[in-house]
Amino acid sequence: MHKYRTHTCSEITKKNTGETIKLSGWIHRKRDHGNLLFFDLRDHFGLTQCVIENSNKFFKIAEKIKPESVVCVSGLVVNRSKETINKNLFTGEIEIKVSSFEILSESNDLPMPVFGEQNYPEETRLKYRFLDLRRKEMHDNIILRSKVISYVRNKMISEGFLEFQTPILTASSPEGARDFLVPSRMHHGKFYALPQAPQQFKQMVMISGFDKYFQIAPCFRDEDGRADRSPGEHYQLDIEMSFVEQQDVFNAVEPIFYKLFTEFGKGKTVSKTPFKRIDYKTSMLKYGTDKPDLRNPIEIFDVTEVMKRDDCKLEIFKKVIEKGGVVRAIPAPNTSTKPRSFFDGYNNWAKEEGAKGLGYILFEKNKDKLIGKGPLGKFFSEQAINELAKICKIKESDAVFFSSDQVKEVERISGIVREKLGKELNLINSKKFEFCWIVDYPMYQYNEKEKKIDFSHNPFSMPQIDLNDFDKSDPLSIKAYQYDLVCNGHEISSGAIRNHLPDLMYKVFSKVGYSKDQVNKKFEGMIKALSYGAPPHGGMAPGIDRIVMLLADTDNIREITMFPMNQQAEDLLMGAPSRPDEHQLKELNIKVLEKKK
RNA sequence: GGGGGUGUAGCUCAGUUGGUUAGAGCGAUCGCCUGUCACGCGAUAGGUCGCGGGUUCGAGUCCCGUCACUCCCGCCA
């Protein structure tokens, strides 16, 4: 007989009745009747109930042993009597009559129980992650993560993609997030950087002639954590393809996502392919964000023209429009009978969010006539009200909120109002995965703070413009072959067709203030690589963690990460980051300055 | 770097307008219990009320500071 087990804790059923078997696992739960003791033995696979009587020489030991100790038991498989069958357990029709009981590893008193579904403090969970991971929900999440990764890997390989590793110790690159630096021992004063993404490497792979590449790639960025963003590191399904246009990338990726979410989405419906494509500008107008939750049926409408009309007497809005602002309407379906406090609540909330305020009109039908009520209703003529209703596809019993300010601010506010309305009015169908592509991102954006033009996304993206027309164009009007994949309001991936033309690259960078020499210096390898025959190429990099979060239906990334750091980017289990020894520092020629108070 | 929330027994939480000895459930320990599966019953132990200062006759409760965790803003090409 095997030293530890003949079976796992989730495979013995009636068909094994009468066999003598051996199991190893953790003591999950004990039910001590004094002269008769039940305990559930747990391993990765499941639970099996074991029973031991006081006549047994191991009874006293079994009675004493603490939960989560690891034991090896052997015994006879016996059928349970009809009344004592546990239908919730796969092994619930049988139990093991213990004949031998060996302690393999004893547990101390637990800082947090494994059994039960109570919530525990984050700090304790992280400090005792190995206990937390034994709990069913966490265990299942991590298994899901593993399955998602291997599913994706198999799909990619079967689609002809090759998996390559790229360096972890690499060079710091300008633009982007803060880098993690690693001091070089051999080169005094020099540092490696951990890759924020294998961006340049994956392009090199294409230039090296490999055609289709993917990698489950660790990415390191020194940013602060959020509920859906681990501080420090995350994983991307990094993809790159040669001789492709945007549509080819979509065609390659869509079926994989459709199948992945159908397979692991717990029965939720998934958008049929091809996924909806929304250009950036439209998305900002209709949804107030570039990651719209399309489960939310509310759409935002521009009503600036209506507000300009002479039969609309709202002077506040007119003034904003004169200063170059806009007015957008956010319909709130079936709310016209809500109490005034509902609308005032939104107004106050919007002010807390930094808005100047939210006006609103309630619509009502009075003898076939649509009339506008609420504080702003009286400022509109009948015609103006009807025009509003037409633009916003309003029906009686609806209301609309108005946001008025400069475009960017209006987009932001209307976007969060739309989101809040969707949630609070229960308009969001949680049984769906709604995918869409956001396309045609602007290449540049204006940085108000530094009063200069910046890249809005990836500087290596291909602009949607000819080299010869570049200088004639307003940079802020130039779009890029740059796209995001969005699901249920989460940005799951961004990607782009890359700029493989050095001359165009110099132009692109010149607009944000890089000279040709600077580009040559900062991107030496890249420019060199593009100068010896580079295939047109593009790809994307879906975030593995966010995908698993969506599939596991959790709203915190730590729930699907095996060993996450806390918000202060500390690993409480391993004690990272830690102070190096003096001799380590000396070897690296590094001196730590004490923090000034 | 900034803003919000939380911090009372190992864990989850209660604790009134400031008022005597800070409670409950789970867990732990001990005892009883042969059919439980969140087993049951009884008892016991367990507290710097995050920490420091202040107001007050009196502070878990009010004020100031500080620390930890968390959520958000900044940051995330």
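Below, chains carry the letters A, B, ... as their sequence lines are ordered, and counting in each starts from 1.
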Does any donor atom in the side chain of A:Asn296 or A:Glu419 lie under 3.5 Å from an acceptor atom in the other side chain?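 No, because no side-chain N or O of A:Asn296 sits under 3.5 Å from a partner of the opposite role on A:Glu419.
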In whole Å, what is the span from the [atom1] atom of [X] to the [atom2] atom of [N]?
{"X": "A:Phe59", "N": "B:C33", "atom1": "CZ", "atom2": "C1'", "answer": "10 Å"}
{"X": "A:Gln445", "N": "B:C75", "atom1": "CD", "atom2": "P", "answer": "10 Å"}
{"X": "A:Glu570", "N": "B:C67", "atom1": "CD", "atom2": "P", "answer": "14 Å"}
{"X": "A:Trp349", "N": "B:C72", "atom1": "CH2", "atom2": "P", "answer": "15 Å"}
{"X": "A:Tyr120", "N": "B:C26", "atom1": "OH", "atom2": "P", "answer": "13 Å"}
{"X": "A:Asn108", "N": "B:G27", "atom1": "CG", "atom2": "P", "answer": "18 Å"}
{"X": "A:Phe115", "N": "B:C26", "atom1": "CZ", "atom2": "P", "answer": "13 Å"}
{"X": "A:Lys97", "N": "B:U36", "atom1": "NZ", "atom2": "P", "answer": "17 Å"}

Counting side-chain heavy atoms from C-beta on, which of B:C11, B:G35, B:G27 comes nearest to A:Thr84? B:G35
Counting heavy atoms from C-beta on, name the nucleotide in B:C11, B:C71, B:C75 closest to the side chain of A:Arg178. B:C75
What's the gap between B:G46 and B:U6 when it is taken at their C1' atoms, as a whole Å value? 24 Å
Within the pair A:Gln568 and B:U70, is there a side-chain N or O less than 4.0 Å away from OP1 or OP2?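 Checking B:U70 against A:Gln568, a side-chain N or O does come within under 4.0 Å of OP1 or OP2.
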Is A:Arg145 paired with A:Asp545 through a side-chain N to carboxylate O contact shorter than 4.0 Å? yes
Regarding A:Asp140 and A:Lys136, does a basic nitrogen lie under 4.0 Å from an acidic carboxylate oxygen? yes
Can we call the ring centroids of A:Tyr128 and A:Tyr120 under 6.0 Å apart? no
For B:A9, the Watson-Crick or wobble counterpart (both distances under 3.5 Å): none
Need one value for [X]: base, sugar-phosphate or nothing, where a base atom within 4.0 Å counts as base even if backbone is also close, heavy atoms only.
{"X": "A:Asp179", "answer": "nothing"}
{"X": "A:Gln196", "answer": "nothing"}
{"X": "A:Arg558", "answer": "sugar-phosphate"}

